[in-house]
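Please see the structure below; I have some questions.
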Amino acid sequence: MGAQPSRPCPIPAQEEIMRETGFSQANLVRLYERFQALDKAHNGYLSKKDLLGIGELAVNPIGDRVIDAFFRDGSETTDFRTFAHVLAHFRPVEGEVSPESVNSRLSKLKFAFQLYDQDKDGKISRLEMMQVLRMMIGIQVTDEQLECITDRTIQEADRDGDNAISFDEFAKSVEKLNIEHKMSLRILK
């Protein structure tokens with residue numbers, strides 16, 4: 001006759017998502033609760049406007065590009081499975097990780113690269129680099145200074161002389177960075 005303990009809502013395709021993302025059941029439940037909290041209309045999907053409710057993304061200079069990663073192929077909405085898959089890139093690396101794992105160094109680099117490569121041609125062009133640098137630096141530099149920074153960045157990374165940065169060149173240019181740590185959110189542990 002007492003109150004029943006509350007049970008979390010069943011997560012659609014929970015076992016599959018855990019296998020695909022590497023999230024534990026507890027982490028997936030927390031993510032699902034966050035997804036539901038963002039889904040203010042309770043329709044089972046999120047819009048870009050819903051994701052702007054995440055404060056860290058709203059103030060991040062490239063937050064719009066991170067948000068766009070949740071919306072594949074021009075879709076206007078994202079379901080929980082896609083939400084979990086995108087966030088899995090930010091799951092901390094623990095021990096040895098298979099290169100195919102969604103949170104491996106290689107996967108994290110591919111995710112970061114696509115934030116720059118907006119036209120999806122496999123290269124970061126001068127214009128794409130300048131757009132990201134403008135977002136990150138803001139109005140702290142003149143257009144001329146920004147162009148110099150962009151040209152120098154491309155020059156340092158461009159190994160084949162095509163005035164663009166391929167994925168391999170991008171990966172080589174950040175090889176000394178601890179990308180596994182920099183692209184991890186402790187809350188996803």
Side-chain angles (χ1 to χ4, degrees), residues 17-28 30-31 34-35 51-52 54-72 78 82-138 140-141 145-146 148-160 162-189:
I17 296 171
M18 287 171 55
R19 203 172 27 260
E20 294 163 358
T21 63
F23 283 125
S24 68
Q25 182 175 1
N27 282 333
L28 205 59
R30 279 200 330 257
L31 281 178
R34 180 67 169 142
F35 180 87
L51 290 177
L52 285 171
I54 301 173
E56 293 84 357
L57 287 177
V59 298
N60 185 315
I62 60 170
D64 285 343
R65 291 193 180 197
V66 174
I67 288 172
D68 286 345
F70 288 92
F71 301 91
R72 296 185 179 144
T78 191
T82 303
F83 181 77
H85 274 263
V86 171
L87 289 175
H89 289 96
F90 299 96
R91 191 168 55 82
V93 175
E94 297 170 348
E96 286 295 313
V97 176
S98 159
E100 294 83 38
S101 175
V102 73
N103 73 325
S104 70
R105 177 178 181 82
L106 180 62
S107 291
K108 288 176 185 284
L109 286 172
K110 285 180 179 178
F111 183 85
F113 183 80
Q114 60 98 23
L115 295 178
Y116 289 84
D117 181 21
Q118 290 293 284
D119 63 6
K120 298 175 180 34
D121 68 350
K123 300 258 184 188
I124 301 170
S125 69
R126 182 179 187 275
L127 178 62
E128 289 168 328
M129 179 62 72
M130 196 175 319
Q131 289 171 341
V132 171
L133 290 173
R134 171 61 70 205
M135 286 184 256
M136 293 169 60
I137 297 171
Q140 299 172 16
V141 298
Q145 290 170 319
L146 182 64
C148 287
I149 293 168
T150 301
D151 291 341
R152 183 168 179 183
T153 301
I154 290 178
Q155 184 181 28
E156 288 178 8
D158 181 21
R159 303 258 187 242
D160 61 9
D162 66 351
N163 292 317
I165 302 171
S166 68
F167 174 74
D168 290 336
E169 292 167 337
F170 176 79
K172 182 79 173 153
S173 70
V174 297
E175 71 183 346
K176 291 188 171 112
L177 287 179
N178 185 350
I179 205 84
E180 294 89 338
H181 177 73
K182 290 187 180 296
M183 284 187 65
S184 293
L185 297 172
R186 285 188 305 254
I187 60 166
L188 299 177
K189 202 168 184 185

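Because the structure is predicted, anything quoted here is derived from the model rather than measured.
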Roughly how far, to the nearest 0.5 Å, is the CE atom of Met136 from the CG atom of Asn60?
-> 8.5 Å

Are any non-hydrogen side-chain atoms of Phe111 and Leu115 less than 4.5 angstrom apart?
-> yes

So do the side chains of Leu51 and Phe71 get within less than 4.5 Å of each other, counting heavy atoms only?
-> yes

Let me see the working for Ser101 and Arg91 under side chain to side chain contact (heavy atoms under 4.5 Å, CB included), right down to the final yes or no.
-> CA-CA 11 Å; Ser101 175; Arg91 191 168 55 82; 4.0 Å; yes

Do the non-hydrogen side-chain atoms of Val93 and Lys108 ever get within less than 4.5 Å of each other?
-> yes

Out of curiosity, Arg30 CZ to Ser24 OG, how far, rounded to the nearest 0.5 Å?
-> 7.0 Å

One should read off an interatomic distance between Phe113 CZ and Lys120 NZ, to the nearest 0.5 angstrom, of 11.0 Å

Report yes if some heavy atom in the side chain of Asn103 is under 4.5 Å from a heavy atom in the side chain of Thr21; otherwise report no.
-> no

One should read off an interatomic distance between Gln114 CD and Asp68 CG, to the nearest 0.5 angstrom, of 9.0 Å

Provide the closest heavy-atom pair for Tyr116 versus Arg65 in the form atom of the first, atom of the second, distance.
-> O-NH1, 3.6 Å

Could you check if a side-chain atom of Gln118 sits within less than 4.5 angstrom of a side-chain atom of Val132, using non-hydrogen atoms only?
-> no

Separation of Asp64 CG from Met135 CE (nearest 0.5 Å) = 7.5 Å

Hey, is the main chain of Ile149 close enough, under 3.5 Å, to the side chain of Thr153 for a donor-acceptor pair?
-> yes

For the pair Thr82 (side chain) and Phe70 (backbone), establish whether a donor and an acceptor sit closer than 3.5 Å, ignoring hydrogens and angles.
-> no

Where is the tightest heavy-atom contact between Ser104 and Ser98, given as atom of each residue plus distance?
-> CB-O, 3.3 Å

Considering the options Thr150, Asp151, Asn163, which one meets the side chain to side chain donor-acceptor pair (under 3.5 Å) requirement together with Arg126?
-> Asp151

Should Ile165 and Ile154 be marked as a side chain to side chain contact (heavy atoms under 4.5 Å, CB included) after you check the CA-CA gap, both sets of side-chain angles, and the distance that decides it?
-> CA-CA 7 Å; Ile165 302 171; Ile154 290 178; 4.0 Å; yes

Min side-chain heavy-atom separation Glu20-Val102 under 4.5 Å = no

Search all heavy atoms of Gln25 against all heavy atoms of Met18 and return the closest pair with its distance.
-> N-CE, 3.6 Å

Shortest non-hydrogen pair, Ser107 vs His89, comes out as O-CD2, 3.7 Å

State, to 0.1 Å, how close Ala84 and Ile17 come at their nearest heavy-atom pair, and which atoms those are.
-> CB-CG2, 3.8 Å

Evaluate the side-chain proximity of Val86 to Thr78: yes if any heavy-atom separation is below 4.5 Å, no if none is.
-> no

Measure the shortest side-chain to side-chain distance between Leu109 and Phe167 over non-hydrogen atoms and say whether it is less than 4.5 angstrom.
-> yes

Can you see which heavy atom on Ser184 is nearest to which on Pro92, and at what distance?
-> OG-CA, 3.4 Å

CG (Leu146) and CG (Leu133) are apart, to the nearest 0.5 Å, by 6.0 Å

For the pair Glu169 and Lys172, find out whether any cationic side-chain nitrogen is under 4.0 Å from an anionic carboxylate oxygen.
-> no

